[in-house]
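Notes follow once the structure below has been shown.
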Amino acid sequence: MRTIIIPTVNEAANVGRLIPLIFRYIGEDNTSVLVVDDNSTDGTIDVVERLSEQYDVHLLERGHKLGISSAVQQGAVRANKGHVAVMDADFSHHPKYLPLLFEKLDEGYDVVIGSRYILGGGVKGWPAYRVVMSKGATAIAKALFRMPVKDPMSGFVAVRSSDILIESIKNPGSKFVLEVIIGNCSLRYAEIPINFENRRRGESKMSIQLMLFYLAMVGRAFLSGLLNWKSA
Ligand SMILES: Nc1nc2c(ncn2[C@@H]2O[C@H](COP(=O)(O)OP(=O)(O)OP(=O)(O)O)[C@@H](O)[C@H]2O)c(=O)[nH]1
Ligand SMILES: [Mg+2]
């Protein structure tokens, strides 16, 4: 059994189209979708509940905006044992890539990342400042930690087991894939190229606060690695 976790805040304009498409690309056998929603007020809940009458779709409502990483972690706790994928609701992560993500897990990889920054991948529709922020955040991570992948800032990922997400995520904000990488250097990583498209519907939840959370997270992880190394 495999689970696709989709964190949502006000994604009514997207989830209603995304979920049927997910099942179209990967079939309905052995597959369930888990939407982890933080207090959407735009009808997202109704859309997901309606879809759950037709598909193997579940909803975890949390009532407050607690952060994407925390949504992923709580979703992983609820997920079926077995393979888990995580994707955004806004079509930046197209469901056409899901079959290949799961195929790579079947080949024996532990973590498979949908990567914008390898040959064949890319970003479409982002303003220049978003590209600079993403590349800057990636450069910081690469300077501070050994990186087995080119796109540790991606949020499109499949993992062998939900435990990988449950045990690695320590911060509620974003960039949970980076946390997985920092905490698990011995896992087997693969990347597949994806074309990331900027959202066309719904509002962005990107903020300066999330960027600051990110800097605090990498800073803390770097210092604790340094302290462990010095005391070893
Ligand atoms: N449950 C939950 N989901 C969230 C939260 N913040 C963002 N999301 C969802 O996480 C996914 C990624 O968020 P986005 O707003 O698309 O963030 P982004 O991709 O960095 O920025 P844009 O594409 O510009 O909007 C989307 O499906 C959001 O609805 C949160 O605090 N809780
Ligand atoms: Mg997005």
Side-chain angles (χ1 to χ4, degrees), residues 1-9 11-37 40 44-60 68 71-72 75-76 78-126 149-151 153-162 164-165 176-177 180 189-202:
M1 193 71 190
R2 58 194 177 184
T3 308
I4 294 143
I5 298 173
I6 310 175
T8 56
V9 176
E11 298 286 4
N14 291 311
V15 277
R17 292 183 312 123
L18 178 68
I19 291 173
L21 212 51
I22 288 174
F23 287 109
R24 201 176 316 153
Y25 276 105
I26 57 171
E28 293 184 41
D29 288 347
N30 279 325
T31 302
S32 71
V33 166
L34 174 61
V35 174
V36 185
D37 187 82
S40 287
T44 299
I45 306 284
D46 297 338
V47 173
V48 175
E49 279 175 346
R50 229 175 10 253
L51 284 164
S52 71
E53 291 163 12
Q54 193 183 344
Y55 298 100
D56 191 351
V57 172
H58 304 264
L59 176 65
L60 175 58
I68 181 171
V72 170
R78 274 284 195 92
N80 296 296
K81 287 288 162 209
H83 296 171
V84 173
V86 182
M87 65 193 296
D88 291 357
D90 59 2
F91 279 89
S92 289
H93 302 152
H94 200 280
K96 69 184 173 191
Y97 299 114
L98 285 169
L100 190 52
L101 285 177
F102 285 120
E103 244 171 66
K104 287 277 170 194
L105 290 180
D106 291 336
E107 282 175 26
Y109 291 99
D110 300 306
V111 180
V112 186
I113 295 169
S115 176
R116 298 160 291 183
Y117 305 139
I118 58 172
L119 192 65
V123 175
K124 210 172 126 190
W126 254 3
V149 298
K150 295 258 189 289
D151 193 359
M153 299 299 139
S154 174
F156 196 11
V157 70
V159 293
R160 180 181 34 79
S161 148
S162 52
I164 294 175
L165 298 170
F176 63 92
V177 171
V180 168
Y189 292 89
E191 286 179 285
I192 63 153
I194 63 156
N195 278 301
F196 177 104
E197 278 204 44
N198 197 10
R199 70 158 69 237
R200 295 200 186 146
R201 298 180 173 82

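Since we're looking at a predicted model, the values are computed, not measured.
For Asn198 (side chain) and Gly125 (main-chain N/O), a donor-acceptor pair under 3.5 Å exists by modelled atom type. Between the side chain of Tyr55 and the backbone N or O of Val33, no donor-acceptor pair lies under 3.5 Å. At least one donor-acceptor pair under 3.5 Å links the side chain of Ser154 to the backbone N or O of Gly114. With Asn80 contributing its side chain and Arg2 its backbone, the two residues share no donor-acceptor pair below 3.5 Å. Formation of a donor-acceptor pair under 3.5 Å by the His93 side chain with backbone atoms of Met87 is not found in this model. In this structure, Thr31 contributes its side chain and Asp29 its backbone to a donor-acceptor pair below 3.5 Å. Between the side chain of Asn14 and the backbone N or O of Arg201 there is at least one donor-acceptor pair closer than 3.5 Å.
Other residues, nucleotides and ligands contribute over 12 non-hydrogen atoms within 6.0 Å of the CZ atom of Arg17.
Interatomic distance, Ile118 CD1 to Ile113 CD1, rounded to the nearest 0.5 Å: 9.5 Å. To the nearest 0.5 angstrom, Tyr97 atom OH is 11.5 Å from Phe196 atom CZ. With values rounded to the nearest 0.5 angstrom, His83 atom NE2 is found 14.0 Å from Lys104 atom NZ. Note that NE2 of His58 and CG of Leu60 are 11.5 Å apart. Values are rounded to the nearest 0.5 Å. We find the CD1-CZ distance between Ile4 and Phe23 to be 6.5 Å, quoted to the nearest 0.5 Å. Once rounded to the nearest 0.5 Å, the distance linking CG of Leu98 with CG of Leu21 reads 9.5 Å.
Taking every heavy atom of both residues into account, Gly16 and Val47 meet most closely at CA-CG1, 3.5 Å. Annotation for Leu34 and Ala79: closest pair CD2-N, 4.4 Å, computed over non-hydrogen atoms. Shown here for Leu51 and Pro20, the closest heavy-atom pair between the two residues is CD2-CG, 3.9 Å. Contact detail for Ile5 and Pro7: the closest heavy-atom pair is O-CD, 3.9 Å.
Taking the ring axis of Phe91 as reference, the NZ or CZ atom of Arg200 does not stay both within 45° of it and closer than 6.0 Å to the ring centre.
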Start with the C-alpha gap between Tyr25 and His94, add the side-chain angles, then the distance that decides, and say whether ring pair (Phe, Tyr, Trp, His ring centres under 6.0 Å) holds. CA-CA 10 Å; Tyr25 276 105; His94 200 280; 5.7 Å; yes

Pair Glu49-Leu59, side chain to side chain contact (heavy atoms under 4.5 Å, CB included): steps then yes or no: CA-CA 7 Å; Glu49 279 175 346; Leu59 176 65; 4.1 Å; yes

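Phe156 has its side chain out of reach of Val177: every pair of non-hydrogen atoms, C-beta onward, lies at least 4.5 Å apart. In this structure the side chain of Val112 never reaches within 4.5 angstrom of the side chain of Leu100, judged on heavy atoms. The shortest side-chain heavy-atom distance between Val57 and Ser32 does not fall under the 4.5 Å cut-off. Side chains of Phe176 and Val157 form a contact here, defined as non-hydrogen atoms less than 4.5 Å apart. Taking 4.5 Å as the limit, every side-chain heavy atom of Val36 sits out of range of all side-chain heavy atoms of Val72. At a threshold of 4.5 Å between non-hydrogen side-chain atoms, the residues Asn195 and Lys124 do not count as touching. Contact check for Lys81 versus Ser162: side-chain heavy atoms found under the 4.5 Å cut-off. Taking 4.5 Å as the limit, every side-chain heavy atom of Lys150 sits out of range of all side-chain heavy atoms of Leu119.
Residues passing the salt bridge (Lys or Arg N to Asp or Glu O under 4.0 Å) test with Glu11, sequence neighbours excluded: Arg199, Lys205.
In this model, a donor atom of one side chain and an acceptor atom of the other lie less than 3.5 Å apart for Asp37 and Thr8.
With Arg160 as the fixed residue, the side chain to side chain contact (heavy atoms under 4.5 Å, CB included) test singles out one of Val84, Val111, Asp110: Asp110.
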